[in-house]
Amino acid sequence: MGLVGTAAVRDPGGAALPRGFWAAVRVWLEKPQVANRRLSGAAVQAEGTVPLGEGGERSPSFAAGRAGVGGGGQEGRAAGPAELGRLWREVQGQLPLPPPLTGWGGPGELRAVLRTLLPRGRPAAPPALELAVQDAYNGTVTFLPLEENSEGKYLVKKCNIYQIQLKHIKDEEWSISVVAPFPEDWFSDGILYPKLAWLGNKLLSKLAKWSVEQKPSEFKSTLSLISVAKYSKVYQDLKEKYKVMVKVWPEVTDPEKFVYEDVAIATYLLILWEEERKEKGLTKKQSFVDLGCGNGLLVHILNNEGHSGRGIDVRRRKIWDMYGPETHLEEATIIPGDSHLFPDTDWLIGNHSDELTPWVPVIAARSSYSCCYFVLPCCFFDFHGKYSRRQSKKTQYREYLDFVAQVGFVCGFHVEEDCLRIPSTKRVSFIGKSRTYPPAEHALIDNQITQFINSRRTCAVATCDKRVGFKHEDHSDSLCEVGSEPPEDETETAGTIWMPGFQPREKVEQIRNCASLPRDFVDEVVLDVAKLLLNAAPQKSCSNMQGGNTNTWNQGESLSLREVAEHLNKETLKKLKSEYGGLQTLLKSNHQVFEGLQERPFDSPLVAYHHNKKLLVFWKDIAHAQEDREEHGYSSFVILTDFSFKTWETDVHTHTHTPLRTKILNGRVHIRDWRKEKPPSKTKPEVKRRLSAEAFKTRLCWFFIHHPDGCSLPSEACPYAHGTEELRQSQIIKKKKHIQ
């Protein structure tokens, strides 16, 4: 009667269970938001062992919640060991557990975890207090929702008690069940208390999966250094305050991603700095400098929230003019050296700061003994340029993170790592807010920093020499030793510029999307390639059923980029490649005409990255796959053999991890058939839907003019104009691309 759901679990070899079950329970206790998306998290306030007997002779052994992990409005209300003991006695007096729940008993002790569930959204529902009691002997964890009455006593909300049970059937067979004693009285608000069907289906399936697929993470838990409860509240407040930026965003980048990511980073810093003021007894808010501030939104938010500071970037952005005089942004080039120190600044920020990322701890260490830093690495840069791999046993991302952390250690910081809650695959940040040495040893540490920087450059030259000779082997398990001397010709400048030859980002962004090519030249290449595809044998035709017309429409043949390039003259290819990114860039830019098709073009097995049962990216061989995995962090591969390809829509992630829609991948291209295009999604952001509507019929249809069979769509269905009489004046103001 009280069985909500059950799932069969197999444990081949008996290596995962029951340990994996308790690890899965721990995820649900500490990170319920990974299953219930309507929660922003949970704050573990206290946990520890409790006695089995009523009243018990021994005092319960409770541990208070970790610093910064207290919960919501009830934070501190039930955090002390004495009050936790009282809470446990109150709860015991309201039980035993009603059937079909398994009662507590047997040898050993129970373990209790007091947590606060934090709802997501605005207006936010009040947080809920819950006591989870783990009985390892019987394989159960019982969740007891608590309510505080007018007398200050906690009462168990019996209608919403539920229990998760693990049972060993035989050999490799186990079962995980969810039971509730009063299903007919279950109260669901859809947020803190989901429906029983959700517990028995969604949650149960995740617990079953986590129990046997537990993999050690190479990253820290999300928001492990600050209060999740505070973060949830402050983030919702800032999101509401700055959401207007999404509507007025003047850049070409995705406004929702950049606005809410910077809101999240600002939230994290504001809470981190608040905790620092409490620890150090400070009243004045911290000052900061954001190195490589990009669009400047993070600086704008921090300035608005009362922190004095400025942002510096090599290139001014259009959005800077929207912030007003209270937001301090500077257009300047930062060359790591004595002329770019910030002795009066409390914190240096490196938020996706590219080539400045490894320099942020160095600049902080040399600015003053009290200067701290926050860095969020993204693209992989060393002191001298692009980062080169030195270890093959780690992902490139993890290896680079370890390098950035090591820089902080060498600079004399206690380096802390945390994972932010932002819409990006690069979420790991490093914080250096205290030193490992006394002020008197500053000169010694400064010399250590210099030696380390020089050693990195020496290693880079050696690695480059190996690659030039095609003898590079990546078997190093450690970085070059500190102590290498700088080249003789560079010692004289070391006092002013720390890395002679350092290359900052260019002030003017180089555009490589063929937009600057003469229009006549582009049109000629597009027409030549289209004719080549249409005339290639065997010819492909598709029936046109629009309006009952059964005439065939010539779709042409699929060719590789190499085959297409062989039919173009060398001067054309040279012009495309040397200045504008090549033939593939031009074809992708003309997506009205071309799309890609894979038809088993390779004899060797293919390697694919598989995510959520959808093929996202595939490569010719394992070498190409490994290279992209290291660059972008793809985690799982599938080897494909005897595979027949049809048209794939592929999401390729750029270095900024923004999905880029393309249909030219692995060198295959053919004529686009617009009848096969999916209708515009109603879930698109408003700004994108508006741009699509404004662009309708503002350009001539290439197929209507050039294709021998005309356009495959009737005029009313085609987004392009069938003749000049259908042309509408474009309302879209073209924007020059800016890097964020």
Please set out all donor-acceptor pairs under 3.5 angstrom arising from side-chain atoms of residues 715-725, sequence neighbours excluded.
from	atom 1	to	atom 2	distance (Å)
Ser715	OG	Glu726	OE1	3.1
Ser715	OG	Glu726	OE2	2.3

Minimum heavy-atom distance between [X] and [Y], given as atom pair plus value:
X: Ser712; Y: Asp673; value: OG-OD1, 3.4 Å
X: Pro336; Y: Leu356; value: CG-CD2, 4.4 Å
X: Leu586; Y: Asn590; value: O-ND2, 2.9 Å
X: Leu534; Y: Asn554; value: O-ND2, 3.5 Å
X: Trp249; Y: Leu297; value: CZ3-CD2, 4.2 Å
X: Thr357; Y: Ser353; value: OG1-OG, 3.1 Å

Working to the nearest 0.5 Å, report the span between [atom1] of [X] and [atom2] of [Y].
X: Tyr260; Y: Ile265; atom1: OH; atom2: CD1; value: 15.0 Å
X: Leu532; Y: Ile671; atom1: CG; atom2: CD1; value: 9.5 Å
X: Ile319; Y: Met245; atom1: CD1; atom2: CE; value: 4.0 Å
X: Phe430; Y: Lys220; atom1: CZ; atom2: NZ; value: 10.0 Å
X: Thr698; Y: Leu727; atom1: OG1; atom2: CG; value: 8.0 Å
X: His707; Y: Trp702; atom1: NE2; atom2: CH2; value: 7.0 Å

Would you say the side-chain atoms of Tyr387 and Gln396 include a donor-acceptor pair closer than 3.5 Å?
->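 No, because no side-chain N or O of Tyr387 sits under 3.5 Å from a partner of the opposite role on Gln396.
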
Side-chain donor-acceptor contact under 3.5 Å, Asp262 with Tyr242 = no

Test item: [X] side-chain N/O and [Y] main-chain N/O as donor-acceptor pair under 3.5 Å:
X: Arg728; Y: Phe696; result: yes
X: Tyr235; Y: Val263; result: no
X: Trp320; Y: Glu330; result: no
X: Tyr400; Y: Thr395; result: no
X: Arg317; Y: Arg315; result: yes
X: Arg120; Y: Arg37; result: yes
X: Thr333; Y: Val314; result: no
X: Asn569; Y: Glu571; result: yes
X: Arg316; Y: Leu329; result: no

Less than 4.0 Å between a side-chain N and a carboxylate O, is that true for Lys426 and Glu261?
->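 Answer for the salt bridge query: no.
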
Taking it one step at a time, do Phe502 and Ile334 satisfy side-chain contact (heavy atoms from CB on, under 4.5 Å)?
-> CA-CA 10 Å; Phe502 170 81; Ile334 297 176; over 6 Å; no

Can you find a heavy atom in the side chain of [X] that is under 4.5 Å from one in the side chain of [Y]?
X: Leu713; Y: Trp553; answer: no
X: Glu399; Y: Arg389; answer: yes
X: Arg456; Y: Met499; answer: no
X: Thr572; Y: Asp528; answer: no
X: Ile422; Y: Tyr268; answer: no
X: His591; Y: Arg672; answer: yes
X: Tyr397; Y: Val428; answer: yes
X: Cys293; Y: Leu298; answer: no

Step by step, would you call Phe381 with Lys386 a side-chain contact (heavy atoms from CB on, under 4.5 Å)?
-> CA-CA 4 Å; Phe381 282 89; Lys386 284 289 187 178; 4.0 Å; yes

Plane angle bin for Trp359 and Phe383 - parallel if under 30°, tilted between 30 and 60°, otherwise perpendicular = perpendicular

Given the rule in the side-chain contact (heavy atoms from CB on, under 4.5 Å) test, do Glu563 and Glu557 qualify, once you have shown the distances and angles that lead to the verdict?
-> CA-CA 12 Å; Glu563 291 170 321; Glu557 179 59 275; over 6 Å; no

Carefully, step by step, assess Gln503 and Glu355 under the rule side-chain contact (heavy atoms from CB on, under 4.5 Å).
-> CA-CA 8 Å; Gln503 292 295 323; Glu355 72 277 3; over 6 Å; no

